[in-house]
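Below: one structure, written as structure tokens.
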Amino acid sequence: MSRLPDPAIARAARLACRTDAPRPTSGMAPGFTQCNMIALPRDWAWDFLLYAQRNPRPCPVLDVTDPGSHRSQLAPDADLRRDIPLYRVWRDGVLTEETPDATAAWAEHPDLVTFLIGCSFTFETPLQQAGIEIRHIAQGCNVPMFLTDRDCRPAGRLRGKLVVSMRPIPAGRVAEAAMISGRTPAVHGAPVHVGAPEALGIADLSRPDFGDPVTIRAGELPVFWACGVTPQAALMESKPPFAITHAPGHMFITDIPDTHWQV
């Protein structure tokens, strides 16, 4: 039986998120689950819970807080207002601020309900252990993410398009990458699409909607996974009065080992 990673690694990574200059968390605290985050006023929480239930591939919910709470059982000593490297504040569907500390914004709505959503960074560790390079880690940049033309299933007042993350994978290893990521459906699972970005309405892989472009080498295929930035696309289209999210690529690092979600 493999040894579980030391939770002190996750705690140290969260401390670095508080004290260092904001940077994407891919590759940080390997072996520990990372999460996307969205916090909404209580009046919108049911709509989002239903939206996530109807769109489980991009929005796999791992935890939901009580209204007003900034604590999660996924990392009991963490503070959801401060332990993500970079936050986004949304007002009426418009991004109005990015900040490394969301404490002041959080105080504007004392009834915020926070959803922590599985992140594909979680299965990058087993991909790397299998010898599959994660290009954005190798190039020291953020994962490329794209807004597709695929509608998510609406729920209540929320509707929006699917967002996907992309990783170049050698053609001969795509099936292996799909099998490895498919073992963790709680963090997006297997890819939703391979090759042919135009089939998703993506015109140019060198111009991601979020994150950074990466090199695609000869013999590699672009492989697309459902992405936890999808809720931010719903914010832009549905325009709730207020929300706080993580900045794309800047995740909440939990104390839960990656292996917890494997099936």
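In this text, all values refer to a predicted model and were calculated from it rather than measured experimentally.
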**Study point:** Pair listing, side-chain hydrogen bond (donor to acceptor under 3.5 Å, both in side chains) test, anchored in residues 152-161, at least two apart
**Key:** Asp43-Arg157, Asp47-Arg157, Asp151-Lys161

Check your understanding: Going by heavy atoms in the side chains, are Val214 and Cys141 under 4.5 Å from each other?
Key -> yes

Practice item. Measure the shortest side-chain to side-chain distance between Thr25 and Phe252 over non-hydrogen atoms and say whether it is less than 4.5 angstrom. Key: no

Practice item. Decide whether Ser181 and Trp225 meet the rule of one side-chain donor and one side-chain acceptor closer than 3.5 Å. Key: yes

Review point. Are Leu235 and Val61 grouped together when hydrophobic residues (ILVMFWY) are joined by side-chain heavy atoms under 4.5 angstrom apart?
Key: yes

Exercise for review: Give a yes or no on whether a salt bridge exists between Asp101 and Arg18, defined as a side-chain N under 4.0 angstrom from a carboxylate O.
Suggested key: no

Review point. Is the shortest side-chain N to carboxylate O distance from Asp255 to Arg14 below 4.0 Å?
Key: yes

Check your understanding: Looking just at side-chain N and O atoms, do Gln262 and Thr184 make a donor-acceptor pair shorter than 3.5 Å?
Key -> no

Practice item. Verify whether one side chain among Thr96 and Trp90 offers a donor that lies under 3.5 Å from an acceptor in the other. Key: no

**Study point:** Backbone of Thr114 reached by a side-chain donor or acceptor of Thr65 within 3.5 Å
**Key:** yes

Review point. CZ of Phe121 to CD1 of Ile253: how many Å apart, nearest 0.5 Å?
Key: 10.0 Å

Review point. Can a salt bridge be assigned to the pair Glu133 and Arg135 using a cut-off of 4.0 Å between side-chain N and carboxylate O?
Key: yes

Review point. When you look at CD of Gln139, are more than 12 heavy atoms from neighbouring residues, nucleotides or ligands closer to it than 6.0 Å?
Key: yes

Practice item. Verify the distance criterion only: is there a donor paired with an acceptor across the side chains of Ser120 and Arg167 at less than 3.5 Å? Key: yes

Exercise for review: Please work out which of the three classes, parallel, tilted or perpendicular, describes the rings of Phe224 and Phe146, given edges at 30° and 60°.
Suggested key: perpendicular

Review point. Do the non-hydrogen side-chain atoms of Val94 and Lys239 ever get within less than 4.5 Å of each other?
Key: no

Exercise for review: For the residue pair Glu124 and His136, confirm or rule out a side-chain donor-acceptor distance under 3.5 Å.
Suggested key: yes

Check your understanding: Is the number of heavy atoms from other residues, nucleotides or ligands within 6.0 Å of CZ (Arg54) greater than 12?
Key -> yes

